[in-house]
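Here's the structure, in structure tokens; my notes come after.
Every value quoted in this text rests on a predicted model; they were computed, and no experiment measured them. The chains referred to below are lettered A, B, ... by the order of the sequence lines, with proteins before strands, and numbering in each begins at 1.
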2 protein chains.
Amino acid sequence: MTDGLDPRELGTYFALMEAVGVLQHHVEQQLRAEGGISYVQFQLLARLADADGPLTMTQLADGVVYSRSGLTYQAGLLEKAGLITRGSFAQDERATLVSITDEGRALVGQVLPGHVQVTRRLLFDSLSDDDLQHLGAIMTRVRDHARAQPPRSAAPRKRRAAADAAADAAPDSPE
Amino acid sequence: MTDGLDPRELGTYFALMEAVGVLQHHVEQQLRAEGGISYVQFQLLARLADADGPLTMTQLADGVVYSRSGLTYQAGLLEKAGLITRGSFAQDERATLVSITDEGRALVGQVLPGHVQVTRRLLFDSLSDDDLQHLGAIMTRVRDHARAQPPRSAAPRKRRAAADAAADAAPDSPE
DNA sequence: TATTGTTATACTCTATAACTATA
DNA sequence: TATAGTTATAGAGTATAACAATA
């Protein structure tokens with residue numbers, strides 16, 4: 001399974017992905033239960049709460065959502081829930097300026113303590129002070145580097161999707 | 001935004017989640033393009049390829065999928081695509097034994113090089129040898145600790161979902 | 001009774017493509 | 001022409017609950 005590949009890297013990678021996967025799942029549960037929002041929505045709100053002023057949709061999306069329509073969808077939900085507002089931007093009439101409302105800020109404040117509690121229990125309780133420092137330094141570097149990477153230049157499709165093959169195997173569609 | 005909370009922890013946490021989020025997105029793209037599978041499906045196949053023999057559905061799910069039905073769904077796709085087979089288990093007739101097929105192994109082998117390439121580019125290129133070692137040690141510990149954690153004991157729902165509020169705000173339904 | 005797995009169903013989310021409007 | 005954002009739509013994935021069968 002590791003033909004010619006560095007097994008130390010692979011092991012680290014799998015551990016990282018699974019650890020974060022489990023963490024993510026717990027965090028989603030907490031946010032849904034205590035705030036009625038998803039992690040993506042939390043990220044968007046947190047970002048707006050942290051920013052000095054309003055952000056454009058494009059700025060807001062960076063590193064969180066990977067399609068324009070996906071962000072429009074989430075922004076629509078958040079706006080209808082009264083957590084953000086959308087307005088126009090005098091400097092560039094194409095852009096939409098997104099602001100967090102007082103309700104939005106309140107929700108972040110309401111959800112954050114429990115959120116931190118979960119991350120403590122699942123993440124930081126296993127970390128020494130030194131680990132924390134090192135992990136912070138590492139992941140900040142990785143994030144900044146990864147953000148800058150171009151979206152993978154579509155490799156040739158060598159094989160059909162598992163779902164497609166599944167569709168074939170099922171003799172279903174009306175000829 | 002960090003009232004009474006440790007900003008160092010919060011910063012590390014956000015960096016971790018965003019870095020892995022971006023990594024995850026690139027990885028999904030690579031797997032879809034070169035293997036026609038999702039990351040969840042890759043995880044399941046990799047786990048089966050790594051195991052000595054077949055695994056039960058429950059063993060297979062651990063840390064990857066969080067509902068029985070979710071796993072049944074994925075297993076259904078993988079089986080119809082010819083990448084796994086499901087059989088019964090003599091020792092416990094309730095269980096289902098999942099085995100990876102030669103095709104499944106071949107697919108993992110086909111996808112893995114490109115997969116490693118992506119993780120190199122997005123993750124390991126930013127890491128020193130020391131970082132790699134440290135990160136591996138940390139995340140293995142975190143994963144094992146997190147896996148053992150009980151699923152959050154449902155906190156009281158204090159607020160309605162953003163989606164629900166959105167549904168209300170839209171005067172749609174037939175009176 | 002508890003556990004393993006499946007099925008039916010409803011819902012959330014994401015991405016693609018077509019479109020509008022502004023730079 | 002390129003960029004910002006929205007809309008329509010289709011598809012993948014997830015979770016809940018009800019179910020069957022075995023321990």
Write down the distance between [atom1] ([X]) and [atom2] ([N]), rounded to a whole number of angstrom.
X	N	atom1	atom2	answer
A:D62	D:dA4	CG	C1'	15 Å
B:L44	D:dG13	CG	P	11 Å
B:E79	C:dG5	CD	P	14 Å
B:E28	D:dG13	CD	P	8 Å
A:L97	D:dA4	CG	C1'	12 Å
B:M57	C:dT6	CE	C1'	8 Å

Sorted by first residue and then second, give each salt bridge (charged side-chain N to carboxylate O under 4.0 Å, His left out) pair with at least one member in residues 61-71 of chain A; sequence neighbours left out. A:D62-A:R147
Is a side-chain donor or acceptor of A:Q30 paired with a backbone partner of A:V118 at a separation under 3.5 angstrom? no
Once side-chain contact (heavy atoms from CB on, under 4.5 Å) is applied, do any residues pair with A:Y39, and if so which ones, sequence neighbours excluded? A:V27, A:E28, A:L31, A:F42, A:Q43, A:H115, B:Y13, B:F14, B:M17
With sequence neighbours left out, write down each residue that passes side-chain contact (heavy atoms from CB on, under 4.5 Å) with A:H134, or none if nothing qualifies. A:I138, B:D130, B:D131, B:H134
Test log, rule side-chain hydrogen bond (donor to acceptor under 3.5 Å, both in side chains), inputs B:Q110 and B:E34: CA-CA 8 Å; B:Q110 170 188 317; B:E34 295 180 15; over 6 Å; no
Please say yes or no: joined through hydrophobic side-chain contacts below 4.5 Å, possibly via intermediate residues, are A:L55 and A:L97 part of one cluster? no
Heavy atoms under 4.0 Å, any strand shown: does B:T58 hit a base, just sugar-phosphate, or nothing? sugar-phosphate
Which nucleotides of nucleotides 8-17 of chain C have their base under 4.0 Å from a protein heavy atom (B), which only their sugar-phosphate (S), and which neither (-), written as one string 5' to 3'? B---SBBBB-
In B/S/- notation, 5' to 3', how is nucleotides 18-23 of chain C contacted by protein heavy atoms closer than 4.0 Å? ----BS
By salt bridge (Lys or Arg N to Asp or Glu O under 4.0 Å) - contacts of B:D92 (at least two apart): B:R94
Please check if the number of heavy atoms outside B:Q59 that lie under 6.0 Å from its CD is greater than 12. yes
